[in-house]
Amino acid sequence: MAEKSYGFAIGNLRARENNLFRDSDFAQLASLKSTAELGAALADRGIGERGNDDVPAALQDSVSRLWSYLNEIAPDPSVFAPFIAENDFHNFKVVLKGIIKSADYSGILMRPDNIPVEVMEDAVREKRFDALPSYMREDAARAYEILISSGDSQLCDGVLDAACMRAQLEMVNDKGFKS
């Protein structure tokens, strides 16, 4: 295969631009009355299969295919890491609160991710945050302590949101991008 270039990637994306949802598409989807109608409308747009009412699974499959496509055409897929980090911090919040409250959280995890959910689960259950990436360790431990000691989930979220923004900025700066 020829060497990938940003010009090729941009051209490839532009060619697929007409397949994107527009405001009118979202308005139509929002007006549907049932999961079956939503599943059928999405299937008409190539998301999921007709007759399958499992909309979350269809959307997750579509997201997985999108990220595979982007990784396939991107000259340097690591440029996506700052965006994916937001999913990692979201997932850590979900795992932390889910484990502490003994609640099922599997349906609200976000993909793609840089950090496997199992690593996050082990970190929380074992109270060992050194398995997490360096940009998350200290703040993950702090958020854990806040949630355990005070139950203040807003402060916990604030600590992790600030850590996420710092990590994203660090990742962008490490790549040498100029604003």
Side-chain angles (χ1 to χ4, degrees), residues 4 6 8-125 132-133 135-136 140 143 153-154 156-158 160-161 163-165 167-168 171-172:
K4 299 176 194 176
Y6 285 104
F8 169 78
I10 291 168
N12 198 304
L13 287 168
R14 295 265 176 181
R16 294 175 175 231
E17 207 169 26
N18 290 332
N19 295 331
L20 295 175
F21 281 21
R22 296 191 171 34
D23 287 343
S24 59
D25 297 317
F26 288 117
Q28 176 198 8
L29 294 174
S31 70
L32 299 174
K33 304 286 187 238
S34 70
T35 308
E37 287 181 16
L38 180 57
L42 290 172
D44 289 345
R45 293 293 302 261
I47 299 173
E49 298 174 12
R50 194 161 255 308
N52 185 354
D53 293 350
D54 191 354
V55 172
L59 293 172
Q60 184 58 51
D61 178 60
S62 180
V63 167
S64 294
R65 284 186 285 120
L66 171 66
W67 278 103
S68 293
Y69 162 71
L70 290 174
N71 281 308
E72 189 178 296
I73 67 165
D76 180 9
S78 71
V79 299
F80 301 128
F83 302 105
I84 298 171
E86 194 166 336
N87 292 353
D88 291 328
F89 279 91
H90 165 83
N91 288 348
F92 185 79
K93 287 189 245 183
V94 167
V95 166
L96 176 61
K97 293 173 187 178
I99 288 174
I100 288 175
K101 297 190 183 281
S102 298
D104 178 35
Y105 51 85
S106 59
I108 53 177
L109 294 167
M110 297 181 73
R111 301 282 191 263
D113 51 30
N114 294 313
I115 309 165
V117 172
E118 299 77 22
V119 170
M120 293 182 196
E121 291 170 336
D122 290 345
V124 171
R125 285 190 181 110
L132 299 173
Y135 61 79
M136 184 186 269
S153 65
Q154 286 183 327
C156 171
D157 287 352
L160 292 170
D161 290 343
C164 179
M165 288 186 274
Q168 288 174 310
M171 289 175 194
V172 168

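The structure presented is a predicted model; accordingly, all values stated were derived computationally and were not measured.
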Among residues two or more places apart or on two chains, list those pairs meeting ring pair (Phe, Tyr, Trp, His ring centres under 6.0 Å) that have a residue in residues 36-64. none
Mark yes when over 12 heavy atoms from residues, nucleotides or ligands other than Glu49 sit less than 6.0 Å from its CD; otherwise mark no. no
Looking only at heavy atoms, the pair that brings Pro112 and Ile84 closest together is O-CG2, 3.5 Å
Any Ile47 side-chain heavy atom under 4.5 Å of Val55 side chain: no
Shortest non-hydrogen separation from Asn87 to Met110 and the atoms involved: OD1-CE, 3.5 Å
Flag the pair Val94 / Val117 as yes when at least one side-chain heavy-atom distance between them is below 4.5 Å, and no otherwise. no
Who are the side chain to side chain donor-acceptor pair (under 3.5 Å) partners of Asp54, not counting sequence neighbours? none
Partners meeting ring-ring contact (aromatic ring centres under 6.0 Å, His included) with Tyr69 (sequence neighbours left out): none
Minimum heavy-atom separation for Leu132 and Ala140, please, with both atom names. CD1-CB, 3.6 Å
Nearest heavy-atom approach of Ala41 to Leu32 is CB-CD1, 3.7 Å
Residues in side chain to side chain donor-acceptor pair (under 3.5 Å) with Ser78, at least two apart? Asp76, Lys175
Taken in chain and number order and not counting sequence neighbours, the residues that satisfy salt bridge (charged side-chain N to carboxylate O under 4.0 Å, His left out) with Asp122 are none
Under the side chain to side chain donor-acceptor pair (under 3.5 Å) rule, collect the residues that match up with Asn91, sequence neighbours excluded. none
Salt bridge (charged side-chain N to carboxylate O under 4.0 Å, His left out) contacts touching residues 8-36 (sequence neighbours left out): Asp25-Arg45
Report the distance from atom CE of Met136 to atom CG of Asn114, rounding to the nearest 0.5 Å. 9.0 Å
Pairs involving residues 77-112, ordered by first then second residue, that meet ring pair (Phe, Tyr, Trp, His ring centres under 6.0 Å) (sequence neighbours left out): Trp67-Phe80
In residues 58-66, what donor-acceptor pairs under 3.5 Å come from side-chain atoms, sequence neighbours left out?
residue, atom, partner, partner atom, Å
Asp61, OD2, Arg65, NE, 3.1
Ser64, OG, Gln60, O, 3.1

Mind checking salt bridge (charged side-chain N to carboxylate O under 4.0 Å, His left out) for Asp44 and listing every partner two or more places apart, or none if nothing turns up? Arg50
Interatomic distance, Ile100 atom CD1 to Cys156 atom SG [nearest 0.5 angstrom]: 7.5 Å
Looking at residues at least two apart in the chain, or sitting in another chain, which of them share a side chain to side chain donor-acceptor pair (under 3.5 Å) with Ser24? none
Taking only residues at least two apart or on different chains, which pairs with a member in residues 85-108 satisfy salt bridge (charged side-chain N to carboxylate O under 4.0 Å, His left out)? Lys93-Asp161, Lys97-Asp157
